[in-house]
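Everything numeric here is computed off the predicted structure, so don't read it as measured data. Numbering of residues begins at 1 and proceeds along the displayed sequence. These numbers come from the heavy atoms of this one structure, side chains and all, not from hydrogens, waters or symmetry mates.
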Amino acid sequence: MGTHRKLQLQELEAIRNDAYENMMIYNGKTKAFHDRRLQPKEFKVGQRVLLYHCRLRLFLRKLRSRWLGPYIVTNVYDYGVVEIKSKATEKMFKVNGHRLKPYYEKFQEQKVMKSYWRFLPMRS
């Protein structure tokens, strides 16, 4: 009976090792897929950016924006550190580049003449 139990434990250990190897292969493929889809963020001096407000969890408002700004990039350091300047208060501070995203200006709406009726076909 003792040898039979030892064989069962060895089989169980072999199954565990196979499951561990399969998990490592799956995790490697998932990481490679994720890393392939990442797009690095590169900021330039003078660029306008928005800052993520991470302390917003205290104020549970559904429609409140989680992005502050726009700020202006004044300096870019190694390892993703970016120095930004506030337009309103002129304060400068350093933040992690992962908390920033580019700010896109709103487009200007142009008025279009409403004389498009003459281009519609006549109904008969």
List the atom pairs, donor and acceptor, that lie under 3.5 Å between side-chain atoms in residues 14-28 and the rest of the protein, sequence neighbours left out.
| unit_1 | atom_1 | unit_2 | atom_2 | d |
| --- | --- | --- | --- | --- |
| Asn17 | ND2 | Glu13 | O | 3.4 |
| Asn22 | ND2 | Asp18 | O | 3.3 |

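- Hydrophobic clustering keeps Val45 apart from Val82 (ILVMFWY residues linked when any side-chain heavy atoms are closer than 4.5 Å, directly or through intermediates).
- Listed by chain and residue number, His4, Arg5 satisfy the side-chain contact (heavy atoms from CB on, under 4.5 Å) test with Gln8 (two or more places apart in sequence, or in another chain).
- Under the 4.5 Å side-chain contact rule for hydrophobic residues, Tyr103 and Ile72 do not share a cluster.
- Distance check, rounded to the nearest 0.5 Å: CG of Leu68 to CZ of Arg99 gives 8.5 Å.
- The number of heavy-atom neighbours closer than 6.0 Å to NZ of Lys41, taken from other residues, nucleotides and ligands shown, is above 12.
- Taking the salt bridge (charged side-chain N to carboxylate O under 4.0 Å, His left out) definition, one finds that Lys44 meets it with nothing, sequence neighbours left out.
- Tyr79 forms part of no hydrophobic cluster, judged by ILVMFWY side-chain heavy-atom separations under 4.5 Å.
- Here ring pair (Phe, Tyr, Trp, His ring centres under 6.0 Å) pairs that include residues 27-52, with residues two or more places apart or in two chains, are Tyr52-Trp67.
- Remark: Asp78 pairs with no residue by the salt bridge (charged side-chain N to carboxylate O under 4.0 Å, His left out) rule, at least two apart or across chains.
- Looking at every heavy atom in both residues, Leu100 comes nearest to Val49 through CD2-CG2, 4.0 Å.
- Here salt bridge (charged side-chain N to carboxylate O under 4.0 Å, His left out) pairs that include residues 24-35, with residues two or more places apart or in two chains, are Lys31-Asp35.
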For residues 86-97, which side-chain N or O atoms pair as donor and acceptor with protein atoms under 3.5 Å away, sequence neighbours left out?
| unit_1 | atom_1 | unit_2 | atom_2 | d |
| --- | --- | --- | --- | --- |
| Ser86 | OG | Ala88 | N | 3.4 |
| Ser86 | OG | Thr89 | N | 3.4 |
| Ser86 | OG | Thr89 | OG1 | 3.3 |
| Asn96 | OD1 | His98 | N | 3.2 |

